[in-house]
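These figures come from a predicted structure and were not determined experimentally. Throughout, numbering of the chain's residues begins at 1 and tracks the sequence.
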Amino acid sequence: MSGKSDKKSYEAELRTLQIELLKFQNHVKDKGLRVLILMEGRDAAGKGGTIKRLSEHLNPRGCRIVALAKPSDVERTQWYFQRYVAHLPSAGEIVVFDRSWYNRAGVEPVMGFCTQEEHREFLREVPKFEEMIINSGIIFFKFYLSVSKDEQKRRFKERLTDPLKQFKISPVDRRSQELWDQYSVAKYSMLLASHTPISPWTIVSSDNKKEARINIFKYILSSVEYPNKIDKKALKYDEKLVRDGAVEIKRIEAGLNKDGLKSIS
């Protein structure tokens, strides 16, 4: 199949799924539901592009994107989760976090922006916090986009040479490759602590950004009900690309035994 055919096929499938997402949003509004979606992953894993395609045709009055800057001096004195609570969805809303409280499970401990004790306390508290979110009635999705080291390196290089993407490069990004192993350990610790039966992680391989987006949308839409839903066969996601957090933990452990940290994406 030619590149043009691939692009047309992707765009056609994307359009179909975006129409379904709009149907779902209308249902969320009609029923006063609350939906929360977290997009996590290493730098350049494809979070921003996925969020853009997810939200671009939704009604902005009922869909908010939350991408918080570093905490203020006042926020540093508060309970860690406090500033995130303020952004949780109200009735009829879909809220998407472009990174979230899981900064304290990845960037912060690796870059030294929090203490080891603060990191440990976060890992103890986060399952309880998320259980409260779900028990309040919020429909909750946690996605971790998993990119390989080589692909991350390629994307960083592309950002450096593309004027329209240079804003995406930060000092933290620049150290991501050299700190790969530390981020791998942090990811493993995060999954062990926060992948729970009530609040599971969904891991999505994202070396191919377009496939990752399509499969995330299919996963969301196959997990919820709404009127006039298309045939479930059209929403079947690729289980080779989308896996449960428990499967990812086993995959990491197998890699640690065989290849060490380099196998963790």
Side-chain angles (χ1 to χ4, degrees), residues 1-29 35 37-65 67 94-99 141-169 202-244 248 265:
M1 187 179 289
S2 69
K4 283 188 177 181
S5 297
D6 283 344
K7 185 177 180 181
K8 282 185 178 180
S9 176
Y10 163 72
E11 290 176 348
E13 190 166 24
L14 178 63
R15 177 178 169 78
T16 296
L17 295 174
Q18 287 176 328
I19 290 170
E20 292 301 301
L21 287 166
L22 189 53
K23 290 182 192 176
F24 175 54
Q25 185 189 29
N26 290 334
H27 179 63
V28 168
K29 182 180 178 182
V35 180
I37 302 170
L38 303 192
M39 292 288 178
E40 289 289 341
R42 295 179 190 260
D43 298 316
K47 300 179 293 296
T50 299
I51 292 169
K52 179 181 177 182
R53 274 46 170 218
L54 188 155
S55 63
E56 64 184 345
H57 295 297
L58 298 183
N59 186 337
R61 292 182 180 177
C63 179
R64 285 190 290 118
I65 312 302
I94 297 172
V95 172
V96 186
F97 275 81
D98 184 351
R99 294 198 181 277
F141 294 95
K142 295 192 303 191
F143 292 103
Y144 186 96
L145 278 67
S146 181
V147 65
S148 67
K149 189 174 184 180
D150 286 345
E151 179 60 17
Q152 184 193 59
K153 183 178 181 180
R154 189 194 68 77
R155 290 178 187 176
F156 282 157
K157 187 176 180 181
E158 182 183 37
R159 287 180 178 183
L160 287 169
T161 56
D162 186 342
L164 295 176
K165 295 183 178 181
Q166 285 175 359
F167 77 94
K168 294 183 176 183
I169 288 285
T202 302
I203 315 299
V204 183
S205 296
S206 65
D207 276 9
N208 184 315
K209 291 181 182 180
K210 291 180 179 179
E211 286 185 354
R213 292 168 195 158
I214 292 294
N215 279 279
I216 286 172
F217 301 163
K218 286 182 176 180
Y219 183 92
I220 293 171
L221 292 165
S222 66
S223 303
V224 295
E225 293 303 321
Y226 54 91
N228 304 313
K229 191 174 185 177
I230 58 173
D231 190 284
K232 63 181 182 181
K233 291 179 181 177
L235 299 177
K236 185 172 176 56
Y237 53 87
D238 187 344
E239 294 182 359
K240 293 179 182 177
L241 299 178
V242 180
R243 52 193 178 271
D244 180 81
E248 184 74 350
S265 58

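Here D207 pairs with nothing under the salt bridge (Lys or Arg N to Asp or Glu O under 4.0 Å) rule; sequence neighbours left out. Residues that satisfy the salt bridge (Lys or Arg N to Asp or Glu O under 4.0 Å) test with R154, not counting sequence neighbours, are E151. Partners of F156 according to the ring-ring contact (aromatic ring centres under 6.0 Å, His included) rule, which considers only residues two or more places apart in sequence or in another chain, do not exist here. For R64, the side chain to side chain donor-acceptor pair (under 3.5 Å) partners at least two apart in sequence or on another chain are E93. For E13, the side-chain contact (heavy atoms from CB on, under 4.5 Å) test picks out L17, I214, K218, with sequence neighbours left out. Checked against side-chain contact (heavy atoms from CB on, under 4.5 Å), S205 has the following partners two or more places apart in sequence or in another chain: L241, R243. Applying the side chain to side chain donor-acceptor pair (under 3.5 Å) rule to N208 yields no partners; only residues at least two apart in sequence or on another chain are considered. Checked against salt bridge (Lys or Arg N to Asp or Glu O under 4.0 Å), E225 has the following partners two or more places apart in sequence or in another chain: K229. Under the rule for a ring-ring contact (aromatic ring centres under 6.0 Å, His included), Y144 has no partner lying at least two apart in sequence or in another chain. Applying the salt bridge (Lys or Arg N to Asp or Glu O under 4.0 Å) criterion to K210, with sequence neighbours excluded, gives no partner residue.
Taken from CD1 in I94 to CD1 in I65, the straight-line distance is 9.5 Å, to the nearest 0.5 Å. Between atom CD1 of residue I37 and atom CZ of residue F97 there is a gap of 11.5 Å, rounded to the nearest 0.5 Å. Rounding to the nearest 0.5 angstrom, the gap separating the OG atom in S206 from the CG atom in N215 is 11.5 Å. Rounded to the nearest 0.5 Å, atoms NZ (K236) and CG (D238) are 9.0 Å apart. Annotation: the span from I216 atom CD1 to E211 atom CD amounts to 12.0 Å, rounded to 0.5 Å.
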Quiz item: Given the rule in the side chain to side chain contact (heavy atoms under 4.5 Å, CB included) test, do Y237 and V204 qualify, once you have shown the distances and angles that lead to the verdict?
Solution: CA-CA 11 Å; Y237 53 87; V204 183; over 6 Å; no

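A side-chain donor from one of Y219 and T202 sits under 3.5 Å from a side-chain acceptor of the other.
Applying the side-chain hydrogen bond (donor to acceptor under 3.5 Å, both in side chains) rule to pairs touching residues 19-29 yields E20-K23, E20-Y226, sequence neighbours excluded.
Between S146 and I203 the shortest heavy-atom distance is CB-CG2, 4.0 Å.
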Under 3.5 Å, which donor-acceptor pairs link side chains of residues 43-56 to any protein atom two or more places apart or in another chain?
from : atom 1 : to   : atom 2 : distance (Å)
D43  : OD1    : R99  : NH2    : 2.7
D43  : OD2    : S176 : OG     : 2.5
K47  : NZ     : G41  : O      : 3.3
K47  : NZ     : R42  : O      : 2.9
T50  : OG1    : G46  : O      : 2.9
R53  : NH1    : G49  : O      : 3.4
S55  : OG     : I51  : O      : 2.9
E56  : OE2    : Q18  : NE2    : 2.8

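For the pair L21/H57, no side-chain contact is recorded, criterion being any heavy-atom separation below 4.5 Å from C-beta on.
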